[in-house]
Amino acid sequence: MPTLKTGGRFKSAVCAGEIMVVAASGDDVELTCGGVAMVEAGTDALAGGEVHPDHAVGIAMGKRYITADETLEVLCVKAGDGSLAVKGDLLLQKDTKQLPKTD
Amino acid sequence: MNVMMLLEMASGAFPDRPAFTDGERGLTYTYSELFEAARSRAGSIQAQGASRMAKLDVSNLGTPLGLFASAWAGVPYVPLNYRLTNEEIEALLKRVTPAYLVTSSDRVDAFGALDDVHAVATDSFLDAQQNQSPIDGEWGMDPEEVAVLLFTSGTTGEPKAAVLRHKHLVSYILSSVEFASAPEEDASLVCVPPYHIAGIAAIMSSVYSGRHVIQLPNFSAEAWIELARQHNVTTAFVVPTMLARIVETLEAQGATTADMPHLNSLAYGGGKMPLSVIEKAMRLFPHTDFSNAYGLTETSSTICVLGPDAHREAIASTTESGRRRLVSVGQALPGVEIEIRDDEGKVLGAGERGEIYVRGEQVSGEYEGKGSVVDAEGWFPTRDAGSMDEEGYLFLEGRADDVIVRGGENLSPGEIEDVLLTHPAVADAAVVGVPDEQWGEAVAAAVVTKSGATIDMQALKDLVKDQLRSSRVPAHMAIWDELPYNETGKLLRRVVKASFIEGL
């Protein structure tokens, strides 16, 4: 998997999910969705593969996901059935504070 | 990272929701229509080999379409102030060639004749039949690409073009707006100029939250009130002078409440809000949440917000310091840091006045051809003067350049104006520094009298002396019919200053 850089866009190999990297430490890490490494968004569809049952909570559009050590944060830009993980540890959904509408 | 991604998500999640309504043309784009239109107009921009897209027209469907089509085509979007003179516009256009210019039909010939300017009328840009070569492929995801070039209002000298990259604008939206958070029936009334950062921010945050935007191209209080009622508008943003006119108009109509039961949220910003206006507005809109937003072009819009709860607490407060919060611009947004520094760059404590510095991912602080003014640690000097209280509420004190240096002492015009405004006969006040042989600079004050009232100059001077100290007492005073403001409600201090200097 290519390096996760801020602004980079990746898609799941096993579901419809897509993410954009919001913040990354620059270290080489493998981000999985549904238990399988994600691929760059422009890549052609991959054959076969299924969402692993331990990685099947899903991701929701517009939600942000973060590793426990906060070194990687991504935004879900397309919903999918697979969950995100690094080294088998599921990313956590980041709570965002609702702000007053200003514009 | 690209602002097009915001529209792609909205179009994917709620394709058939109305996105923008252009009342003048009686046209509405749904989110999927706007997305597809952006694809085809990106093709039109690319086909002309343009390196920038400029827009010179009032708010209309071409405004969001221009922003997103430019982003897809990978060229900066440059909204221009259509109120400038033809000479001024020509000078700006020459700085952004080769340009694809979308403008009102009466200006196509004149500006289209310039070298490297391909001009099309707004109606042609909106006509699907005339834009049938959609762009091939996706937009770029390089966060460093430039999304918007915005000419700052340029109160002095040649206008500077602020550079806003995709990373700044997307960071701002992601940190301040929850995706799809607007209920389907939400409608936002947008009346800020399309060439102002608030106009750009309004497009992006409405799209990301899934709100329906009603565009009001030429503000009048009557039209605003009518549209707000007609479309059951739920949210709106106004500059202080607009809110003042809305309040006046409602009062002249004899209204005790605004009769806009759907209006949940009314935000304001862009200039200093007089205490009397916001107090009246809160009475006229008793069920509306008020928010005060402070931001700059260079910071991708809002960096500080005084929210609805803070408004209610302040107005109900029985202490002077509690009520003073109502004229604060609130606390920093998440991800935004603010410091107050003195002339030597030393960070000041609570309550001390200095220059406002800001840091955060949405902060650009870069100008085309001039580079970045952000320091090595990422801090941007706003040139705004202010202070922060113990809880991080920020108070603006005017521009740092407006500070009056009298006999080596730094005087804040805002502080003196605030005192003058407490006098019952004073409707408005502007304080500036004018050259003075003895002191270097002297304090000059222009005041506007409330209708029917008379002003005793000596009483005003005594008031300043009692509340502050003798060095703050205006040496020159004049009564004006009204003070000069620009269209976003910023006091044009240089005009006041020039007038005093002329009379010395």
Side-chain angles (χ1 to χ4, degrees), chain A residues 1-12 15-26 31 33 38-45 58-67 70-81 84 91-103, chain B residues 1-2 5 8-9 12-13 137-138 141-145 166-167 170-171 174-182 188 190 192 197-206 208-209 211 234-235 237 264-269 289-293 295 301-302 305-310 330 333-334 361:
Chain A
M1 176 170 190
T3 310
L4 295 170
K5 272 202 310 202
T6 302
R9 195 163 160 169
F10 296 87
K11 67 176 186 183
S12 172
C15 71
E18 281 192 33
I19 61 101
M20 184 198 77
V21 180
V22 174
S25 64
L31 177 65
C33 179
M38 298 190 86
V39 296
E40 275 187 281
T43 321
D44 289 336
I59 49 173
M61 180 144 48
K63 295 295 176 199
R64 286 198 271 175
Y65 298 88
I66 192 160
T67 53
E70 299 186 4
T71 54
L72 175 66
E73 180 177 338
V74 303
L75 170 75
C76 170
V77 297
K78 273 185 192 164
D81 298 330
L84 303 170
L91 271 63
L92 312 165
Q93 188 177 318
K94 189 181 175 184
D95 290 326
T96 45
K97 193 175 144 202
Q98 185 73 3
L99 296 166
K101 299 179 198 78
T102 56
D103 44 36
Chain B
M1 212 174 261
N2 189 302
M5 193 189 71
E8 182 199 21
M9 290 169 70
E138 293 298 304
M141 283 297 272
D142 181 354
E144 300 297 329
E145 267 189 52
H166 285 280
K167 64 177 182 183
V170 173
S171 296
L174 294 188
S175 66
S176 66
V177 186
E178 177 80 20
F179 179 67
S181 54
S188 171
V190 173
V192 286
I197 184 61
I200 304 280
I203 293 172
M204 296 186 305
S205 42
S206 296
Y208 200 62
S209 62
R211 211 173 295 125
T234 54
T235 77
F237 176 89
N264 301 323
S265 132
L266 187 53
Y268 59 90
D289 284 346
F290 281 86
S291 300
N292 182 4
S301 186
T302 308
V305 176
L306 184 77
D309 293 341
L333 289 185
E361 290 192 358

Requested in this report: Under 4.5 Å heavy-atom distance to chain B, tell me which part of Met61(A) shows up: side chain, backbone, both or neither.
Outcome: both
Query raised in the report: Listed by chain and number, what are the side chain to side chain contact (heavy atoms under 4.5 Å, CB included) partners of Gln93(A), not counting sequence neighbours?
Result: Lys63(A), Tyr65(A)
Query raised in the report: Heavy-atom distance under 4.5 Å to chain A: side chain of Ala13(B), backbone, both or neither?
Result: both
Query raised in the report: Rounded to the nearest 0.5 Å, what separation is found between the NZ atom of Lys5(A) and the CE atom of Met1(B)?
Result: 12.5 Å
**Report entry** Nearest heavy atoms of Pro143(B) and Gly7(A), plus distance in Å
**Finding:** CG-CA, 4.3 Å
Query - Pick from Glu138(B), His166(B), Arg211(B), Lys167(B) with the largest number of heavy-atom pairs that fall under 4.5 Å of chain A - result: Arg211(B)
Report task. Check each atom of Ser171(B) against the heavy atoms of chain A and say whether the ones under 4.5 Å are side chain, backbone, both or neither. Result -> neither
Report summary line: Greatest number of non-hydrogen atom pairs under 4.5 angstrom with chain A, of Ser265(B), Ala182(B), Gly199(B), Ala201(B), falls to Ala201(B)
Query raised in the report: Do the side chains of Val21(A) and Met141(B) get nearer than 4.5 Å, heavy atoms only?
Result: no
Query raised in the report: Charged N to carboxylate O under 4.0 angstrom, Glu8(B) versus Arg9(A)?
Result: yes
Report task. Check each atom of Tyr208(B) against the heavy atoms of chain A and say whether the ones under 4.5 Å are side chain, backbone, both or neither. Result -> side chain
Query raised in the report: Any chance CD of Glu70(A) has more than 12 other-residue heavy atoms, nucleotides or ligands included, within less than 6.0 Å?
Result: no
Requested in this report: Write out, in numerical order, the residues from residues 72-81 of chain A with a heavy atom short of 4.5 Å from a heavy atom in chain B.
Outcome: Leu75(A), Cys76(A), Val77(A), Lys78(A)
**Report entry** Engaged part of Leu333(B) at the chain A interface, taking heavy atoms whose separation is under 4.5 Å
**Finding:** side chain
